[in-house]
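Worksheet: the structure to be examined is printed underneath.
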Amino acid sequence: MNLDSTLRTEIQKALTALFNQTVEAVQLQPTNQEFEGSHTLVCFPLTKLSRKGPEETARLVGDYLVQHSGVVSRFNVVKGFLNLVLNDRVWLDVFQSIFVNPNYGQLSPNGEEIMIEYSSPNTNKPLHLGHLRNNFLGYSVAEIYKANGYKVHKVQIINDRGIHICKSMAAWQLYGQGENPENTGMKGDHLVGKYYVEFDKKYKAEIADLIGQGMSEEEAGKKAPIMQLAVELLRKWEQRDPETVALWKTMNGWVYSGFDATYKRMGVDFEKLYYESDTYLLGKEEVLKGVEKGVFFKKEDGSVWVDLTADGLDQKVLLRSDGTSVYMTQDIGTAILRFTDFPKIMGQVYTVGNEQEYHFKVLFLILQKLGFDWAKRCFHLSYGMVDLPTGKMKSREGTVVDADDLMQEMVDEAEKQTRELGKVDEITEEEALKLFEMIGLGALKFFLLKVDPKKRMLFDPNESIQLQGFTGPFIQYTHARIRAIIRKAESMDIVCTEADLKQVDALEPAERDALNVLSLFESRVKEAAREYSPAVIANYAFDLAKEYNKFYQNIPIFNETNPARLRFRIAFSKATADAIKKAMNLLGIAVPEKM
RNA sequence: GGUCCGAUAGCUCAACUGGAUAGAGCAUCAGCCUUCUAAGCUGACGGUUCGGGGUUCGAGUCCCUGUCGGAUCACCA
């Protein structure tokens with residue numbers, strides 16, 4: 001049963017009976033902790049129909065609901081707020097509907113398909129902390145959409161071509177001495193990254209040198225030999241020079257095997273990978289079509305532009321005067337290609353940092369101007385940067401937090417703390433290693449996902465490895481605790497049936513509160529999708545765990561002598577554990593049986 | 001300079017989209033393990049919601065204005 005809509009219906013009935021009128025949307029909100037009740041009707045807006053003061057209006061509605069609705073057992077009025085106490089029978093009915101539904105939290109298929117892009121790294125260096133936020137976000141939003149009944153296609157576009165990879169190639173050619181992942185034992189993405197850094201160092205030295213010889217800074221930037229080599233490699237690559245293409249393939253290959261290992265540990269996956277080298281030419285044709293249609297215009301030098309001044313933006317170049325594509329061009333092409341590959345998707349979600357907000361605003365506008373309906377259903381999931389306590393991450397200053405290193409540190413720290421607590425005494429070494437991984441990554445993911453994606457966030461390493469309070473491990477721990485109860489119940493052959501639920505006559509306040517939170521799961525799953533926000537789920541999982549812990553601390557389950565009530569509590573505990581697990585899975589976080 | 005985003009407890013974050021005395025976690029202090037896992041629970045302390053105006057029965061939330069951060073405005077990606 002849907003408690004919320006049931007209540008709303010009853011309230012509308014009451015308003016009709018009392019005042020012979022209804023309102024479009026009654027304002028129903030959770031009751032503050034300090035007052036008795038679970039749901040509160042805000043009565044200020046109702047004074048217009050009642051033509052009475054807010055308190056009297058509240059009392060009238062409250063009386064009516066107690067007498068006629070069958071769901072409200074009593075109420076209290078504070079100012080214009082009508083706090084409703086529901087029947088325990090109603091709460092048990094709510095629980096029953098959860099109890100009989102093994103898919104609680106998973107909404108039924110809605111027949112819609114959606115594409116979600118995330119990750120999309122450059123191939124010249126390893127992933128860092130910023131990528132972690134991106135990947136965890138994208139993965140989680142995809143899972144949240146699945147839970148909302150969508151068929152989801154996870155994709156990414158890999159920026160495998162361009163000057164950045166040529167820089168690594170140039171440095172490797174000059175100083176690599178045949179190094180590769182095998183003979184160095186280095187992860188491929190890190191090896192390529194090493195040469196990217198190497199490039200930067202040499203480049204800077206060469207510039208300084210040239211400036212010393214009297215050259216201007218701008219000219220030196222262009223004339224530096226290592227940069228000229230990189231540009232030359234890019235030119236050769238575009239001309240399909242076999243040797244250059246071979247080196248490019250080799251080095252990208254190293255990066256991919258490195259990324260694969262990182263993705264695997266992160267626990268993210270993709271249905272299809274798009275490569276920029278395959279798609280970067282695609283947009284050109286569409287742009288030329290747009291010129292014919294008069295959507296774009298050509299300048300005298302041959303460059304093609306779109307004029308967005310009417311939309312409050314600028315003019316934007318789409319093809320260079322030499323006819324080559326820019327970033328925007330290939331994004332137009334890729335977008336169209338994706339809708340060809342997956343004709344049933346109703347829209348696309350781009351998980352990309354907020355520094356590209358302008359870019360996506362322009363992209364979606366252009367797609368609309370080209371006449372693609374689906375452009376309106378494209379969404380830039382824009383997230384804020386991750387800052388360190390020392391400020392912004394800067395590669396130049398070596399403050400970039402490497403994704404692989406960070407994950408390892410989190411797992412090491414989880415191991416240290418877990419061992420200190422003596423939690424590994426009863427499990428095998430193999431189980432223990434799995435547990436450390438689960439806790440370390442759980443802490444990391446939760447830390448990055450608990451904050452509203454739109455907001456810039458601070459990554460404090462000391463805080464991220466905390467295992468108490470508003471953290472992933474706290475929730476994992478609650479799950480493990482409940483599982484211990486379930487195991488015990490199973491060993492005692494305690495099984496709950498619907499008939500047992502019918503025999504429970506009253507609930508403890510702690511049960512009512514916990515049940516209330518449990519009943520909110522599906523509405524939070526919907527909200528999370530609507531807001532594109534895993535933070536909604538993270539907050540919910542925490543609330544649920546916290547509320548259950550209160551119940552757990554308050555009521556020793558196995559002390560209960562009434563059999564129906566005991567069985568209900570076991571079933572309720574199990575349903576809570578299931579919901580915690582599902583919610584955490586929506587965040588990409590696994591939960592342990594023991595910890 | 002134009003545009004966009006942000007500012008909430010010492011710190012990190014919430015606040016159901018305009019509703020009650022603004023809530024959590026961390027930190028600090030004080031309690032609770034003979035009972036299902038103390039990575040837990042209970043309490044205390046902590047606020048001019050950046051400043052100033054306005055709209056409203058009612059504003060952290062909406063409007064105007066100022067201050068301070070950040071992003072963006074390339075024939076870069």
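Every chain is numbered from 1 and lettered A, B, ... according to where its sequence line falls, protein lines coming before strand lines. What you see below is based on every heavy atom in this structure, not just the backbone, and it leaves out hydrogens, waters and symmetry mates. Just so we're clear, the structure is a prediction, and the values are computed from it rather than from any experiment.
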Taking the [atom1] atom in each of [N] and [M], what is the distance between them to the nearest angstrom?
N     : M     : atom1 : answer
B:G58 : B:U21 : C1'   : 14 Å
B:U28 : B:G10 : C1'   : 10 Å
B:C33 : B:C16 : C1'   : 37 Å
B:C62 : B:G23 : C1'   : 23 Å
B:C29 : B:G52 : C1'   : 39 Å
B:C63 : B:G6  : P     : 11 Å
B:A38 : B:C32 : P     : 16 Å
B:A59 : B:G69 : P     : 31 Å

Regarding [X], tell me which of base, sugar-phosphate or nothing describes its non-hydrogen contacts under 4.0 Å with the strands shown.
X      : answer
A:D331 : nothing
A:P54  : nothing
A:D322 : nothing
A:V451 : sugar-phosphate
A:Q33  : nothing
A:T40  : base

For atom [atom1] of [X], is the number of surrounding heavy atoms from other residues, nucleotides or ligands below 6.0 Å larger than 12?
X      : atom1 : value
A:E218 : CD    : no
A:K299 : NZ    : yes
A:K450 : NZ    : yes
A:Q33  : CD    : no

Could you pull out the protein-nucleic contacts involving nucleotides 67-73 of chain B (nitrogen or oxygen on both sides, under 3.5 Å)?
{"residue": "B:G70", "atom": "O2'", "partner": "A:R456", "partner atom": "NH2", "Å": "2.7"}
{"residue": "B:A71", "atom": "OP1", "partner": "A:K392", "partner atom": "NZ", "Å": "2.4"}
{"residue": "B:C73", "atom": "O2'", "partner": "A:D314", "partner atom": "OD2", "Å": "2.7"}

### Task
Report yes or no: does A:N122 contribute a side-chain atom to a donor-acceptor pair with the main-chain N or O of A:N124 at less than 3.5 Å?
no
### Message
Any side-chain to backbone donor/acceptor pair from A:N134 onto A:T351? Under 3.5 Å, distance only.
### Response
yes
### Task
Look at the side-chain N and O atoms of A:K79 and state whether any lies under 4.0 Å from the OP1 or OP2 oxygen of B:U21.
yes
### Query
Within the structure, does a side-chain N or O atom of A:K48 lie under 4.0 Å from either OP1 or OP2 of B:C57?
no
### Task
Can you label the angle between the A:Y196 ring and the A:F199 ring as parallel, tilted or perpendicular, going by 30° and 60°?
parallel
#### Entry: Parallel, tilted or perpendicular: rings of A:H128 and A:H131 (30°, 60°)
tilted
#### Entry: Ring center gap for A:F474 and A:Y477 short of 6.0 angstrom
no
### Query
So, do A:F379 and A:F360 have ring centers that fall under 6.0 Å from each other?
no
Is the closest basic N to carboxylate O distance between [X] and [Y] below 4.0 Å?
X      : Y      : value
A:E437 : A:K434 : no
A:E431 : A:K594 : no
A:K526 : A:E522 : no
A:D322 : A:R320 : no
A:R8   : A:D4   : yes

Round to the nearest Å and state the distance from [X] atom [atom1] to [N] atom [atom2].
X      : N     : atom1 : atom2 : value
A:L544 : B:A24 : CG    : P     : 17 Å
A:R8   : B:C16 : CZ    : C1'   : 10 Å
A:K454 : B:C4  : NZ    : C1'   : 14 Å
A:F542 : B:U12 : CZ    : P     : 18 Å
A:K455 : B:U61 : NZ    : C1'   : 11 Å
A:K450 : B:A24 : NZ    : C1'   : 10 Å
A:F446 : B:G25 : CZ    : P     : 13 Å
A:H39  : B:C16 : NE2   : C1'   : 12 Å

### Message
Does B:C57 count as syn, meaning its glycosidic angle lies within 90° of 0, or as anti?
### Response
anti
### Message
Anti or syn, where syn is a glycosidic angle within 90° of 0; which label fits B:U48?
### Response
anti
### Query
If we require ring centres under 5.5 Å and near-parallel planes under 30°, does A:F81 stack on B:G19?
no
### Task
Compare the aromatic ring of A:F470 with the six-membered base ring of B:G25 and state whether they stack according to the 5.5 Å and 30° rule.
no
### Message
Should the side chain of A:Q29 and the base of B:A20 be counted as holding a donor-acceptor pair, with the cut-off at 3.5 Å?
### Response
yes
### Query
Any donor-acceptor pair under 3.5 Å joining the side chain of A:D543 to the base of B:A14?
no
### Residue whose closest nucleotide on RNA chain B lies nearer the 5' end, A:V536 versus A:Y327
A:V536
### Task
Between A:L458 and A:Q27, just flag the one whose closest nucleotide in RNA chain B comes earlier from the 5' side.
A:L458
#### Entry: Under the 3.5 Å Watson-Crick or G-U criterion, the dot-bracket string of RNA chain B, with | for inter-strand pairs
(((((((..((((.....[...)))).(((((.......))))).....(((((..]....))))))))))))....
### Task
For nucleotides 32-40 of chain B, just jot down a letter per nucleotide in 5' to 3' order: B, S or -, based on protein non-hydrogen atoms under 4.0 Å.
---BBBSBB
### Task
Counting heavy atoms from C-beta on, name the nucleotide in B:A24, B:U12, B:G19 closest to the side chain of A:K546.
B:A24
